[in-house]
Q: 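This is the structure I want to talk about, given as structure tokens.
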Amino acid sequence: MVDDFTLHVTHFSLLSDPSSSTVSPFQMSSSGDESPAHEYMKLALEQAKLALRNLEVPVGCVIVEDGKVIASGSNRTTETRNATRHAEMEAIDILLEQWQNSGFSQLEVAEKFSRCDLYVTCEPCIMCAAALSILGLLINPVAYNTFGCTPTTGIRAVYYGCANDKFGGCGSILSLHATTAEQFPSTKAFQEKGFKCTGGIMASEAISLLRSFYDQGNPNAPKPHRPVQIS
Amino acid sequence: MQVLHHRSFLCASLFTLSLGVYAGLYRAMNWDILYVPDKITTNEQSTVDVFASVVEPRITNTLIRKLNQVAPLENLRHVKRVRKILFEGKAQLSVILCRSLGQENQLDGIPDEVLELIKSYQLHPFFTKVAKYAASSKEEWEEQCKQWPTSYHPPTYNIDGINGFSEEDSQKVFHFMKVAIGLTKSGHLGNQVVNAAVIVDPATREVIANACDCTFTITNNSSLQNINWNDPAESIPSHHVDANEVPEDERHSTCTDNGQVRSYTNVSCLYPWSWTQQQPYSRNSLVKCGSTISWHPLRHAALVAIDCAAARDRRLFPSSEPSTCQSDHVDHLQSSTSSPAKRQKTELFREDETVSEASANGLPSEMMRPYLCTGFDIYLVWEPCTMCAMALVHQRIRRIFYAFPNPNAGALGSVHRLQGEKSLNHHYAVFRVLLPEEILDNVVSNCA
């Protein structure tokens with residue numbers, strides 16, 4: 001997710017840095033036969049458009065379980081005045097509430113999350129990537145080794161549109177999905193076996209939404225001539 | 001109520017170990033505030049070897065342009081390419097040609113393009129050393145410039161405390177840290193230590209929000225202290241605290257029993273991945289007692305506090321903008337879990353707040369409305385994890401004070417150092433509040 005007003009579109013790139021630990025960008029289908037990933041990303045883009053209509057920074061996401069979209073979220077930072085209400089957090093909260101109401105235990109919820117894929121129009125920020133790691137959506141090897149978390153079956157993936165060069169948490173700035181792997185060489189096999197974080201899916205669409213937001217000027221940015229904060 | 005004792009024992013022992021080290025180091029210490037810098041500074045000056053040459057002033061511009069193309073100074077952006085010194089009463093310019101592979105008097109490592117420039121401009125390369133890293137202080141910069149000039153960019157922010165605290169300011173910091181520590185034992189779990197957060201407006205000493213970890217909460221239905229994580233402001237009202245008022249029991253804490261094995265497995269930021277282990281031994285029995293359990297793996301103290309601060313913002317500064325009116329509507333529709341009664345109560349509460357605010361200070365103007373938490377400080381008992389630390393970047397917190405490091409997942413110096421990530425669009429200053437161990441013992445013994 002992206003921030004409210006200081007960010008410019010130039011900070012988003014179509015593909016993440018190839019030197020990062022992010023796996024190679026998703027194959028853009030040029031022939032017109034669209035992969036399921038594109039279908040899900042289209043839904044995430046719909047959520048981003050919804051955010052744009054609400055004068056929010058246009059980022060959206062969907063969470064997919066067994067091929068079915070089970071939650072969606074769009075950025076609500078302006079409306080809530082809570083800059084942590086990124087699309088991912090919105091979708092996660094829907095599922096947590098729903099599953100908890102259905103009587104699932106924490107362990108069951110963790111297992112459910114680990115079967116989910118996340119499609120988000122912009123690379124998850126450091127906060128969201130850390131949150132995904134906590135939930136088990138992005139598996140942090142340290143969580144397994146040091147904290148004795150119950151390994152969950154079927155590690156799933158995060159797919160994103162444009163990379164966030166300014167504070168992306170999946171390779172651009174920090175690589176939280178694999179960050180401490182080097183310290184734990186024994187986990188490398190595990191890491192390779194499982195999860196992936198794939199960028200570049202319909203990135204140009206995601207960027208053009210962001211561009212249209214910043215072009216119109218962020219109406220919610222603080223007034224430029226506000227008095228300097230007295231310290 | 002003995003709940004949640006059988007959690008990750010492995011991590012408990014790991015942390016006890018590190019806390020032991022910590023306690024050993026700081027055992028007899030008084031309260032103090034340490035600045036946690038953006039990057040780890042080393043005492044010894046690291047240098048890089050370069051070749052330079054004296055050049056004629058008239059060719060300097062052209063030469064630099066060409067050098068920047070063929071031999072850019074990668075990772076040495078702080079180093080000035082040109083040095084100007086007074087030599088025999090005249091200004092003399094020297095230019096860095098390229099990095100050296102470390103062998104003095106050997107020009108082997110010089111790229112061909114640079115060799116060509118040396119030839120065509122008839123330069124006489126000499127070997128010198130430049131600072132490897134950008135200076136982090138004025139003193140360090142002055143030292144660096146003795147070798148070769150560098151540029152120095154003091155922090156773009158000028159945050160109080162980086163250069164030390166006055167006695168008065170220190171006392172304020174200690175006070176609010178005590179408020180936060182007091183909240184670690186008043187968690188909903190009653191007998192467990194959790195992390196706590198207090199957001200403060202330092203200009204007015206007003207507590208904007210306070211919260212503790214809500215990753216696992218047990219609430220008694222008959223109690224008014226219902227925790228509803230959709231609208232935390234409802235359950236955790238922020239209140240004004242006089243900074244001069246120090247809790248009596250903390251001023252005279254005497255408990256020094258160290259035989260006890262401490263475990264802080266309920267501190268969310270210390271064990272962010274352990275939420276799956278949180279299992280009360282009998283959910284049904286609790287439900288029978290009229291208690292309800294709720295949990296949320298991401299409701300760490302800092303995030304709950306941000307939520308409270310945001311709720312306060314919406315309450316005190318209800319915007320006339322259509323977007324916000326609409327948002328309230330959406331809020332209403334989306335809060336399917338809130339009972340109508342609860343919703344009604346919230347709205348009454350909001351109105352009350354607005355009225356009292358208006359009568360006391362006149363109408364709250366939009367100009368007074370802070371942008372998110374701009375200018376505010378947050379006090380955390382434990383160093384925040386990566387998620388919380390980044391959330392505090394997003395919410396524009398100005399200063400972070402924490403008491404205990406978080407060797408497992410701390411993002412402000414322990415595992416990551418987010419305050420040093422230059423690419424982020426906001427930077428806060430981070431401080432560690434050192435405090436006597438008795439304070440913690442006191443909390444623990446009161447919780448046992």
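Naming convention: chains lettered A, B, ... in sequence-line order (proteins, then strands); numbering from 1 in each chain. Note that the structure is a prediction, hence the values are computed from the model and not measured.
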Q: Hey, could you give me the CD/CE distance between B/Q395 and A/M127, rounded to the nearest 0.5 Å?
A: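 Between atom CD of B/Q395 and atom CE of A/M127 there are 9.5 Å.
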Q: Rounded to the nearest 0.5 Å, what's the gap from CZ on A/R81 to CZ on B/F317? Could you check?
A: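 The CZ atom of B/F317 is 8.5 Å from CZ of A/R81, to the nearest 0.5 Å.
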Q: Counting only heavy atoms closer than 4.5 Å, note whether B/L418 contacts chain A via side chain, backbone, both or neither.
A: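 Side chain only.
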Q: Is there a donor-acceptor pair under 3.5 Å between the side chain of B/W273 and the backbone N or O of A/S133?
A: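 Yes.
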Q: Within the structure provided, determine whether A/I126 and B/L424 are in side-chain contact (heavy-atom separation under 4.5 Å).
A: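 A side-chain contact exists here, since the closest heavy-atom pair is under 4.5 Å.
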Q: Quick check for you: to the nearest 0.5 Å, what is the distance between A/E97 atom CD and B/S294 atom OG?
A: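 That separation rounds to 10.5 Å.
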Q: Given a strict heavy-atom distance threshold of 4.5 Å, which part of B/H300 is in contact with chain A: side chain, backbone, both, or neither?
A: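 Looking at B/H300, just its side chain touches chain A.
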Q: Would you mind reporting whether B/M390 and A/T84 have side-chain heavy atoms less than 4.5 Å apart?
A: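 Side chain of A/T84 against side chain of B/M390, heavy atoms only: no contact under 4.5 Å found.
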Q: To the nearest 0.5 Å, how far apart are CG in B/L303 and CZ in A/R85?
A: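 Nearest 0.5 Å value for the CG-CZ distance: 9.0 Å.
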Q: On a heavy-atom basis, which atom in B/W295 and which in A/F104 lie closest, and how many Å separate them?
A: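 Heavy atoms of B/W295 and A/F104 come nearest at CZ2-O, 3.5 Å.
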Q: Where on B/P202 is there a heavy atom nearer than 4.5 Å to chain A: the side chain, the backbone, both, or neither?
A: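 It is neither, since no heavy atom gets under 4.5 Å.
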Q: With side chains defined as the heavy atoms from C-beta onward, is the minimum distance between B/L298 and A/L135 less than 4.5 Å?
A: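 In short, these two side chains touch, coming nearer than 4.5 Å.
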Q: If I take atom CG from residue B/D307 and atom OG1 from residue A/T80, how far apart are they, to the nearest 0.5 angstrom?
A: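 So the gap between those two atoms works out to 8.0 Å.
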Q: Would a distance-only check, ignoring hydrogens and angles, find a side-chain to backbone donor-acceptor pair under 3.5 Å from B/W275 to A/I134?
A: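 Checked: pair present.
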